[in-house]
Amino acid sequence: MRPMKRLFSTLLVVLTVAPALAQPNVVLILADDLGYEDLSSYGAPDLHTPALDSLANSGMRFTQFYANSPVCSLTRAALLSGRYPSMAGVPGVIRTHASNNWGALSPDIVLLPAMLRRRGYHTAMVGKWHLGLSAPDRPIDRGFDHFEGFLGDMMDDYYTHQRHGLNYMRRGSQVIEPAGHATDLFTEWAVRYIESRTISSAPFFLYLAYNAPHTPIQPPESWLNRVRERNPEMEDARARLVALIEHMDHGIGQVLHALTASGFADNTLVIFVSDNGGQLNVGARNGPLRNGKGSMYEGGLRVPAIAAWPGTITAGSTSMTALLTMDIYPTVLDAIGVPLTHLIDGTSFLPTLQGELQDLSGRVVFFSRREGGLRFNGKTIDAVRHGPWKLLQNSPFASMELYNLDRDPMETTDVSQAEPEVFNRLAAALRRQIQEAGKVPWQQR
């Protein structure tokens, strides 16, 4: 592993704008299950994340950025397609066992790397894919020129990199068996890729998706010892998660340093975000937000997000604009001047990045998750938001609940009985969305 090098994951995007009129490079970085309050720049008092804090200080921090879903695959599909997950064929988690698989990336969906490739970009992905295990649904089948990472849903061990005894680590289509902690490997591969682009004048797109701090909470022992020495009273579960996050932040710092050392940093737009809220039962913290990963309450959906772009984004700025993961797709295309040629659901927030007032309060946005097991039995949980109003069903067998997030951001008081007009309007909008999503096949091919 190289010494401290650069700065970037929960979900992180980096855009590099080369000198003069050259097209910008793009680096997108995603963290896995990072809680809303699990960065020091978001208020965590017990962990140190200097790389991401520096990124926030140099750019814009978002306070109302939402994952498209409270679980992994769906948000990743939205990120790369600009569509609601169900409209991309991924209404639920894509898993290694067909009997518990709830999605298949639609073959006609145009992913972000494919769009950039058309404009001469070299495209690369490093890290966790989670959108398909074999052709035609691997990264190299869907627009990436280069792939080093993990195809599966989660690793059972950060050092063996296996899932259910199978190896899903790949370089392109080749099975590989690298030694080392997955976070270190993904960092090293991302750094190496950035360094390799100095010999080419072509712009590049790098999507870096860490699997940290997803379970198993398995930080390197040296990082855990640092946390324990600093705070010996910290509970073991929390200490392990803090160490795993700090280790990832260090890797992000190495990646950012690589951009600087390679001459790309001055023209780089960075957007950082997590794929969903933190998992509470392993020590994650989502601040005062209700609940966590897997739920339709704010703690499952609202995530930390940061964007930095020298000369464009005001350093130390904050945005309260409500945005979704799928909005990154059109924002990147807008920022580099690539026109959209097909239907998407996301909205570009480039004006927000440029310091303009962007009123998106009129948008009606949807969240959904299909799942197996007895808790869901193949059904969905859903939410719809319009302005301050949020209607949700957090179990397929429970009643729908209505909250006004302006008055009740912690979702403590269900006002569905007191606001029947709002309830009926949002419920009707959700039904229409469910009808549209029902047109898209999602079973494994």
Side-chain angles (χ1 to χ4, degrees), residues 2-9 11-31 39 41 49-62 112-113 116 119-126 146 186-208 249-273 304-319 328 330-338 348-356:
R2 295 174 173 81
M4 166 72 178
K5 288 182 179 175
R6 2 247 142 175
L7 189 281
F8 298 85
S9 187
L11 183 66
L12 184 81
V13 177
V14 177
L15 260 207
T16 305
V17 181
L21 301 178
Q23 289 178 300
N25 300 308
V26 183
V27 180
L28 168 61
I29 304 175
L30 177 65
L39 296 177
S41 53
T49 49
L52 288 171
D53 298 344
S54 176
L55 192 67
N57 289 336
S58 66
M60 180 177 289
R61 189 174 63 90
F62 296 88
L112 182 58
L116 298 178
R119 295 296 289 262
Y121 277 72
H122 190 271
T123 58
M125 184 194 167
V126 170
H146 173 79
F186 295 164
T187 296
E188 182 177 353
W189 294 343
V191 167
R192 185 172 63 197
Y193 175 76
I194 291 169
E195 292 172 346
S196 75
R197 299 316 300 164
T198 59
I199 63 173
S200 173
S201 60
F204 66 84
F205 169 56
L206 170 63
Y207 170 39
L208 171 59
D249 180 79
H250 178 70
I252 290 170
Q254 291 180 291
V255 173
L256 294 180
H257 178 72
L259 289 172
T260 299
S262 299
F264 299 126
D266 287 345
N267 298 309
T268 300
L269 164 65
V270 179
I271 303 172
F272 170 87
V273 64
I306 300 166
W309 191 359
T312 299
I313 298 176
T314 301
S317 55
T318 301
S319 173
I328 291 173
T331 302
V332 169
L333 296 182
D334 202 7
I336 67 178
V338 176
S348 171
F349 56 92
L350 180 61
T352 294
L353 298 182
Q354 295 172 327
E356 300 175 19

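For reference, positions follow the sequence shown, starting with 1. The analysis underlying the following values was restricted to heavy atoms, covering all of them including side chains, and did not include hydrogens, waters or symmetry mates. It should be emphasised that the depicted structure is a prediction, and the values quoted were computed from it without experimental measurement.
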(request) Would you please classify the geometry between the F186 ring and the W189 ring as parallel, tilted or perpendicular, with 30° and 60° separating the classes? (result) tilted
(message) Side chains of V270 and I306, heavy atoms from C-beta outward: is any pair under 4.5 Å?
(response) no
(message) Checking the side chain of S262 only, and the main-chain atoms of F264 only, is there a donor and an acceptor separated by less than 3.5 Å?
(response) no
(message) Contact between F205 and I336 at the side-chain level, heavy atoms closer than 4.5 Å - yes or no?
(response) no
(request) To the nearest 0.5 Å, tell me how far L39 CG sits from R61 CZ. (result) 10.0 Å
(message) So L28 and V332, do their side chains get closer than 4.5 Å, heavy atoms only?
(response) no
(message) Donor-acceptor check, side chain of T198 to backbone of E195, threshold 3.5 angstrom: yes or no?
(response) yes
(request) Specify the closest pair of heavy atoms between L353 and A307, including all atoms of both residues, with the distance to one decimal. (result) CD2-CB, 3.7 Å
(message) Any non-hydrogen side-chain atom of L333 less than 4.5 Å from a side-chain atom of L116?
(response) yes
(message) Run H122 and Y193 through side-chain contact (heavy atoms from CB on, under 4.5 Å) and show every step you take.
(response) CA-CA 11 Å; H122 190 271; Y193 175 76; 2.8 Å; yes
(request) Ignoring hydrogens and angles, tell me if any N or O in the side chain of T331 forms a donor-acceptor pair with the backbone of F349 under 3.5 Å. (result) yes
(message) Tell me the closest heavy-atom pair linking S41 and T49, and the distance in Å.
(response) N-OG1, 4.4 Å
(message) For the CG atom of L55 and the CZ atom of F272, what is their distance to the nearest 0.5 Å?
(response) 8.5 Å
(request) Any chance you could measure S348, atom OG, to I328, atom CD1, to the nearest 0.5 Å? (result) 11.5 Å
(request) Grab the two heavy atoms, one from A265 and one from T260, that are nearest each other, plus how far apart they are. (result) CB-OG1, 3.3 Å
(message) Let's go through T352 and M60 carefully: what are the C-alpha distance in whole Å and the side-chain angles of both, what is the deciding distance for side-chain contact (heavy atoms from CB on, under 4.5 Å) to 0.1 Å, and is it a yes or a no?
(response) CA-CA 9 Å; T352 294; M60 180 177 289; 3.9 Å; yes
(message) Please check: side-chain N/O of Y121 versus main-chain N/O of P24, any donor-acceptor pairing under 3.5 Å?
(response) yes
(request) Please report the closest heavy-atom contact between T314 and S317, naming both atoms and the distance. (result) O-OG, 2.7 Å
(request) Report the distance from atom CG of L350 to atom OG1 of T312, rounding to the nearest 0.5 Å. (result) 8.0 Å
